[in-house]
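Being a predicted model, the structure only gives us computed values, none of them experimental. Below, chain A is the first sequence line, B the second, and so on; all start at residue 1.
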Amino acid sequence: MSRILITSAIPYINGIKHLGNLIGSQLPADLYARYQRARGNEVMFICATDEHGTPAELAAAKAGQPVAEYCAQMHEVQADIAKGFRLSFDFFGRSSSERNKKLTQHFAGKLAENGLIEEVAEKQVYSKADGRFLPDRYIEGTCPNCGYDKARGDQCENCTKQLDPTDLIEPRSAISGSTELEVRETKHLYLRQSRLRDKLDAWIDSKSDWPVLTTSIAKKWLHDGDGLRDRGITRDLDWGVPVKKGDEPWPGMEGKVFYVWFDAPIEYIGATAEWADANGLDDSAWQRWWRTDKGAQDVRYVQFMGKDNVPFHTLSFPATIMGSGEPWKLVDYIKSFNYLNYDGGQFSTSQGRGVFMDQALSILPADYWRWWLLSHAPESSDSEFTWENFQVSVNKDLADVLGNFVSRVTKFCRAKFGEHVPAGGTYGPAEHKLIAELKKRIRAYENFMESMEIRKAAQELRAIWVAGNEYLQSAAPWTVFKEDPDHAAAIIRFSLNLIRLYAVLSAPFIPDAAEKMLQALQTKNDSWPDNVEQALSVLPAGHNFSVPDVLFAKISDEQREEWQARFAGSRD
RNA sequence: GGGCCUGUAGCUCAGUUGGUUAGAGCAGAGCGCUCAUAACGCUUUGGUCGCAGGUUCGAGUCCUGCCGGGCCUACCA
């Protein structure tokens with residue numbers, strides 16, 4: 001048995017995420033977690049909400065709520081939706097937790113002790129009307145290059161020229177529109193990542209099995225220009241982890257907080273500690289996942305994230321871990337994803353274009369989405385959601401291939417033998433042939449799951465379902481029954497066992513349907529088919545079952561057209 | 001501007017270190033079956049592998065250029 005630590009990139013707190021966000025990290029992480037648990041491994045699957053930073057403050061202000069209250073509420077909303085999608089987190093934490101505060105301050109203190117923190121005085125734009133310093137992106141004005149009047153302080157979206165906020169003509173706050181801006185001096189802490197460059201470089205080099213997408217982004221940051229740059233890890237905000245050196249105050253940094261990207265990854269650890277607290281366990285319970293001096297030396301740590309998250313997970317967070325000089329667990333494998341587009345364009349949170357997680361669940365059960373998203377995961381390049389494709393995949397794969405298989409077997413049995421596993425006959429060449437094929441395919445499926453090749457795993461799983469229909473077609477129990485009922489009984493007994501096998505194999509992708517299948521078969525045996533022959537004789541003759549309701553209803557053309565129109569833009 | 005990824009049948013995608021007639025699913029066509037959610041099975045039609053050169057005995061696979069799509073570029077997170 002192995003011990004596997006799995007983290008999904010933590011979703012930002014300011015609203016409900018869309019399907020692109022879901023397939024970019026949480027859903028594939030859940031697939032992997034469910035699979036590893038099914039294989040009997042000890043899994044710790046962690047996610048959380050990322051609650052700090054300017055956008056959270058602004059979203060709270062817009063909602064007319066104190067930011068802490070807003071975050072608490074949105075955390076609950078996101079937790080409910082995650083449950084709706086059957087995301088099997090062992091714990092869904094909050095980056096604003098007390099645990100994360102302490103850990104973040106602890107890491108900062110250690111980094112300072114090791115000479116990896118530098119205080120830098122810099123000039124930043126302050127808005128009097130907003131009473132806050134403005135990040136470059138929150139300053140708007142006219143682009144000196146092209147005259148576009150909504151250029152942002154970091155870059156002009158119109159002509160793509162990189163800008164400095166002071167370049168803008170008639171700069172104003174993007175928050176309030178106020179033009180009462182002034183440049184003030186402020187002091188910030190920088191993480192001296194550059195000092196760890198060689199160490200990080202060697203570490204990345206050692207990860208030859210990581211996806212190109214992951215390592216190439218890291219390499220770019222390590223080698224581009226002067227190489228890895230130091231990074232500011234504090235901000236002038238109210239909402240966040242107060243800057244402290246461990247438990248001690250940090251002179252000169254009063255009133256400042258850590259930058260959200262410094263504390264967010266630390267929350268992976270924080271959330272594991274929150275898990276221990278929530279379960280009444282002591283520190284050793286979470287430390288055995290995170291401290292290589294306290295039991296984590298045999299843990300395999302896998303992270304899931306969208307490609308936009310890669311630099312922080314390959315460089316900043318490892319720099320924090322390495323720089324602490326303490327034996328914290330470093331990531332062993334990073335699985336990163338490209339983006340999912342929506343019907344010819346991007347999902348857009350601001351324009352309400354595309355399907356958001358709550359809306360998705362309001363029109364169809366989680367399994368439909370899980371299957372489509374996972375079997376079309378944007379692994380090698382960006383991929384695209386279209387309603388036509390979604391309809392066809394769901395109807396064909398889930399309803400026709402899997403759902404109908406369950407239906408034809410159980411209904412035939414009920415009609416000819418009653419609602420119990422029929423006795424009589426023995427397994428012959430046809431059954432052994434299928435067993436041989438299943439052995440091969442299940443091993444292939446396992447390999448794809450181990451290596452997190454999600455599309456290929458889905459393809460293999462589908463082929464396993466198809467094999468059942470092929471078998472049934474050639475065994476033709478409806479014909480055999482007329483001449484040799486015992487033989488037909490053996491075919492059906494075999495097929496009913498096949499349904500249980502399918503439930504077990506499919507559970508990581510479609511947990512609810514898998515559960516329904518097991519319930520219909522009135523068994524709790526969900527053991528993995530390490531031995532395929534044995535797995536196909538779990539349900540003995542005489543065992544009762546019931547014909548389940550339709551597992552997957554088909555999506556009609558009318559439904560598809562209605563949804564297509566409804567989600568074309570502007571979320572209500 | 002720079003970097004990375006990507007362009008393979010109508011659609012969504014596979015194609016290991018270059019090696020004989022380029023694969024799958026869906027869609028289309030034909031046949032079969034009738035247990036089943038008009039479901040299933042079998043057979044089958046589709047491709048000058050973005051374009052143009054080059055290296056090689058041999059290139060979808062390597063190199064160069066061009067065209068198209070995408071992402072990143074460090075103060076959004």
Please pick, from [options], the nucleotide with the shortest atom-to-atom distance to any side-chain atom of [X].
X	options	answer
A/Arg235	B/C75, B/C42, B/A74	B/C75
A/Leu551	B/C75, B/C40, B/U37	B/U37
A/Arg462	B/C26, B/A36, B/A77	B/C26
A/Thr479	B/C75, B/U34, B/U12	B/U34
A/Glu470	B/G41, B/G25, B/C75	B/G41

Inter-nucleotide [atom1] distance ([N], [M]), Å rounded:
N	M	atom1	value
B/C66	B/G1	P	11 Å
B/U21	B/G25	C1'	23 Å
B/C51	B/U8	C1'	15 Å
B/G70	B/C13	P	15 Å
B/U48	B/G30	P	25 Å
B/A24	B/C49	C1'	16 Å
B/G46	B/U64	C1'	33 Å
B/C33	B/U43	C1'	15 Å

Identify all pairs in which a protein N or O lies below 3.5 Å from an N or O of nucleotides 30-32 of chain B, and state each distance.
unit_1, atom_1, unit_2, atom_2, d
B/G32, N2, A/Gln473, NE2, 2.9

Under 3.5 Å, is there a donor-acceptor pair between the [X] and [Y] side chains?
X	Y	answer
A/Lys554	A/Asn395	no
A/Trp465	A/Asp397	no
A/Thr214	A/Ser336	yes
A/Asn100	A/Ser95	no

**Asked** Looking at CG of A/Asp367 and CZ of A/Phe509, how far apart are the two atoms once the value is rounded to the nearest 0.5 Å?
**Response**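 The CZ atom of A/Phe509 is 12.0 Å from CG of A/Asp367, to the nearest 0.5 Å.
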**Prompt:** Atom OH of A/Tyr138 and atom CG of A/Leu58: how far apart are they, to the nearest 0.5 Å?
**Reply:** 5.0 Å
**Request:** Identify, between A/Asp50 and A/Leu398, the residue whose nearest nucleotide on RNA chain B lies closer to the 5' end.
**Result:**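 Residue closer to the 5' terminus by nearest nucleotide: A/Leu398.
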**Item:** Residue closer to the 5' end of RNA chain B, A/Val466 versus A/Leu402 (nearest nucleotide)
**Value:**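 Residue closer to the 5' terminus by nearest nucleotide: A/Leu402.
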Output yes when at least one side-chain N/O atom of [X] is less than 4.0 Å from OP1 or OP2 of [N], else no.
X	N	answer
A/Arg231	B/C75	yes
A/Lys219	B/C72	no
A/Lys411	B/A39	no
A/Tyr259	B/A77	yes
A/Tyr339	B/C72	yes
A/Arg414	B/A36	no

Without decimals, in angstroms, what is the distance between [X] [atom1] and [N] [atom2]?
X	N	atom1	atom2	result
A/Glu379	B/U12	CD	P	17 Å
A/His376	B/C13	NE2	P	7 Å
A/Gln459	B/C26	CD	C1'	12 Å

Tell me what [X] touches on the nucleic acid: a base, only sugar-phosphate, or nothing, going by heavy atoms under 4.0 Å.
X	value
A/Lys456	sugar-phosphate
A/Gly227	base
A/Asn338	nothing
A/Lys554	base
A/Lys220	base
A/Phe481	nothing
A/Thr54	sugar-phosphate
A/Asn389	sugar-phosphate
A/Pro55	sugar-phosphate
A/Ser383	sugar-phosphate
A/Val310	nothing
A/Val550	base
A/Glu453	nothing

Search all heavy atoms of [X] against all heavy atoms of [Y] and return the closest pair with its distance.
X	Y	result
A/Tyr12	A/Thr54	OH-N, 4.4 Å
A/Val480	A/Ala475	CG2-O, 3.4 Å
A/Gly15	A/Gln78	O-NE2, 3.0 Å

**Message:** Using the rule side chain to side chain donor-acceptor pair (under 3.5 Å), only one of A/Arg443, A/Arg455, A/Arg441 pairs with A/Glu460; which is it?
**Reply:**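 Considering A/Arg443, A/Arg455, A/Arg441, a side chain to side chain donor-acceptor pair (under 3.5 Å) with A/Glu460 is found only for A/Arg441.
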Go through the N and O atoms of the side chain of [X] and the base of [N], and report whether any donor-acceptor pair is under 3.5 Å.
X	N	answer
A/Asp400	B/A39	no
A/Glu388	B/C26	no
A/Arg408	B/A39	no
A/Gln124	B/C75	yes

**Request:** Check for a donor-acceptor pair, side chain of A/Thr234 on one end and backbone N or O of A/Leu189 on the other, with a separation under 3.5 Å.
**Result:** yes
**Request:** For the pair A/Tyr342 and A/Phe385, evaluate ring-ring contact (aromatic ring centres under 6.0 Å, His included) and give the outcome as yes or no after the intermediate values.
**Result:** CA-CA 5 Å; A/Tyr342 180 80; A/Phe385 176 91; 5.8 Å; yes
**Asked** Is the base of B/G41 syn or anti, where syn means the angle lies within 90° of 0?
**Response**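 Anti.
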**Request:** Indicate whether A/Trp478 forms a stack on B/C35; treat it as stacked only if centroid distance is below 5.5 angstrom and interplanar angle below 30 degrees.
**Result:** yes
**Request:** Quick one: do A/Leu498 and A/Val409 satisfy side-chain contact (heavy atoms from CB on, under 4.5 Å)? Show the steps, please.
**Result:** CA-CA 10 Å; A/Leu498 217 39; A/Val409 170; over 6 Å; no
**Item:** Paired stretches of RNA chain B - 3 or more consecutive Watson-Crick or G-U pairs, each distance under 3.5 Å
**Value:**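 Listed by first number, the stems are B:1-7 with B:67-73, B:10-13 with B:23-26, B:28-32 with B:40-44, B:50-54 with B:62-66.
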**Message:** Is it true that, when you exclude A/Asp557 itself, more than 12 heavy atoms of the residues, nucleotides or ligands shown sit nearer than 6.0 Å to its CG?
**Reply:**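 More than 12 within 6.0 Å, yes.
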